[in-house]
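Note sheet for the following structure.
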Amino acid sequence: MNEIFSAQRSVLIAGVTIDGSTVDIAIDETGLIASIGEDARKTIDADIVIDGSDRLAMPGMVNTHTHAAMTLLRGYGDDMLLQDWLSQKIWPLEAHLTGDDVYRGTKLACLEMIRSGTVAFNDMYFFMDRAAAAVDEMGMRATFAYGFIDLGMEEKREAEIKATEALTTHIKSLNNPRIQAAVGPHSIYTVSQEGLSWCGEYAKEQDIGIHVHLSETEKEVIDCVAQFGKRPAVLLDECGCLTPRTVAAHCCWLDEAECRLLGERGVSASHNPASNMKLAVNRAMPYHWLKQYGANIALGTDGCASNNNLDMLEEMKFAALLQKFAWNSPTLLPAGEAVSMATAAGARALGTGPGTLTVGAPADIVLLDARAACNTPLFHADSNAVYACNGGAVMTVLCGGRILMHEREVPGEEEIVSEAAAAARSLVDRAEQAS
């Protein structure tokens, strides 16, 4: 393997552009940014030197809501009504998933995310011990939650509790600072109040995150009010699931009072514009209210069955355009805020550091091609990143100082792709034979 991809070493990114200035970025052996400036190269005797000329540096992006192994379901069922899509396509296929499928699908997801500048992600799915193994090998950061669904049945709830406890124990036993556990109550309509309360209490006891789908559709809100006499965010709060460790995905149908509640509780809201538009949920996340009340607003792609990619540069554009269009305001969610959502806000949501290019921060760094057509001319780097470029402009990616991709090369890419393709084909064959 190329020496540049070897284990943790000191790195110098020489002559790279940040905010219009040409600087060096020195990274020490612990994976932290040691210095940034014109003479940063003097602060370390770097083992590896990366030529940063014609490169723009930005913080590594953080995908705060996805189901990584669903890369295997990419394109399997599109252009369908949500419930038909789930009941006819997704659930029947997922019934035949194996741990090996999840491992190969997650490795493919990691490859795709690395190639488009993402260094960390927040995952909810099944066989998460195998997903963790994939992330460990790929060198990324991830937070894993077992998808907790009890459907109001006590016996199923006990099984979900055991599965959640087992995953948490396993993740903690890895003692890998890049890999964290979270609790994953799927939603208020698939988890009982007893299940939600257990999740809230267990997350508090273990000091781990909570990952939940919230108010993705209008039906979820209508049904919740009819059954419980309150809206979904209020129900989650009463069950102890709205905390500063909570990432709530979608949040499309929140009202203003719920946005205030999320802000008061310090919740991170994950905006998933591509998935929400594709599945026609008919309302955009109320970004303006969430921002007004101080919620931490981050960005996510959702899974590849409903997006259909994991490109956070593309997702930033969707987020900015959807907000402007849906709320009839061309000044809403400007480019700089979109970049912060994808970087600093995501890092804050998952606790992976400040998500900024600052001394002492983890060296989670993405280098974009300044000479790419999408970056020409270069009046405003943030505007180009959000409105003009996609993941193809990403050249080099570092996570905690470790080089995951350099000049578009990721070790083992061909094998990862071929094995994932074979796993997807086998999964579909098994499902079709069983039907």
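Worth knowing before you read on, the calculation uses all heavy atoms, side chains too, and leaves out hydrogens, waters and symmetry mates.
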Problem set entry | By side chain to side chain donor-acceptor pair (under 3.5 Å) - contacts of N296 (at least two apart) | S268, R348
Can you tell me if [X] has over 12 outside heavy atoms packed within less than 6.0 Å of its [atom1]?
X	atom1	value
K204	NZ	no
E155	CD	no
N175	CG	no
F325	CZ	no

So, for [X] and [Y], which heavy atoms are closest and what is the spacing to 0.1 Å?
X	Y	answer
C251	L262	SG-CD2, 4.2 Å
G353	A347	O-CB, 3.3 Å
A182	I210	CB-N, 4.4 Å
A14	R41	CB-NH2, 3.7 Å
E258	S215	OE2-OG, 4.5 Å
C241	G200	SG-N, 3.9 Å

Has the side chain of [X] got a donor or acceptor atom that lies under 3.5 Å from a matching backbone atom of [Y]?
X	Y	result
D311	G391	yes
K317	V386	no
K89	D78	no
E315	T301	no
H67	M124	yes
D364	G400	yes
D28	G31	yes
S21	T17	no
T164	V183	no
D150	S192	yes

Problem set entry | Pair L279-L81, side-chain contact (heavy atoms from CB on, under 4.5 Å): steps then yes or no | CA-CA 7 Å; L279 293 173; L81 295 172; over 6 Å; no
Roughly how far, to the nearest 0.5 Å, is [atom2] of [Y] from [atom1] of [X]?
X	Y	atom1	atom2	value
I50	R55	CD1	CZ	10.5 Å
T118	M312	OG1	CE	5.0 Å
E165	W198	CD	CH2	4.5 Å
L333	L321	CG	CG	9.0 Å
M70	C304	CE	SG	9.0 Å
L261	D237	CG	CG	4.5 Å

Problem set entry | Parallel, tilted or perpendicular: ring planes of F121 versus F144, cut at 30 and 60 degrees | perpendicular
Exercise. Which class fits the ring pair H250 and H213: parallel under 30°, tilted 30 to 60°, perpendicular over 60°?
Worked result: parallel
For this session: Could you please spell out the steps behind the side-chain contact (heavy atoms from CB on, under 4.5 Å) verdict for I27 and L32?
Result: CA-CA 6 Å; I27 301 162; L32 301 178; over 6 Å; no
For this session: Determine, step by step, whether F5 and H406 satisfy the side-chain contact (heavy atoms from CB on, under 4.5 Å) criterion, reporting the C-alpha distance in whole Å, the side-chain angles of both residues, the deciding distance to 0.1 Å, and the verdict.
Result: CA-CA 8 Å; F5 297 113; H406 183 54; 4.1 Å; yes
State, with a plain yes or no, whether a side-chain heavy atom of [X] is found less than 4.5 Å away from one of [Y].
X	Y	value
R408	V394	yes
L350	V62	yes
H65	V247	no
L299	M316	yes
M285	L290	yes
L404	V410	no
K291	E337	yes
N308	K278	yes

For this session: Could you check N309 against E314 for side-chain hydrogen bond (donor to acceptor under 3.5 Å, both in side chains), going step by step and ending with a plain yes or no?
Result: CA-CA 9 Å; N309 67 35; E314 181 181 279; 3.1 Å; yes
Side-chain H-bond candidate by donor/acceptor type, [X] with [Y], under 3.5 Å:
X	Y	answer
E218	N282	no
Q323	H271	yes
Q180	K172	no
E94	Y125	yes
E216	Y189	no
N272	S270	yes

Seminar exercise, completed: Test side-chain hydrogen bond (donor to acceptor under 3.5 Å, both in side chains), reference Y293, set H288, E264, E256, output is E256
Problem set entry | Test side-chain contact (heavy atoms from CB on, under 4.5 Å) applied to M140 and V119, L111, V135, the passing residue | V135
For this session: Test I13 against every option in I36, D24, I365 by the side-chain contact (heavy atoms from CB on, under 4.5 Å) rule and name the one that passes.
Result: I365
For this session: Check R178, K107, R130, R141 against D136 for a salt bridge (charged side-chain N to carboxylate O under 4.0 Å, His left out) and give me the one that passes.
Result: R178
Problem set entry | Verdict with supporting geometry, F148 and T190, side-chain contact (heavy atoms from CB on, under 4.5 Å) | CA-CA 8 Å; F148 188 113; T190 56; over 6 Å; no
Problem set entry | Worked check of side-chain hydrogen bond (donor to acceptor under 3.5 Å, both in side chains) between E137 and Y103 | CA-CA 11 Å; E137 292 170 19; Y103 169 77; 2.6 Å; yes
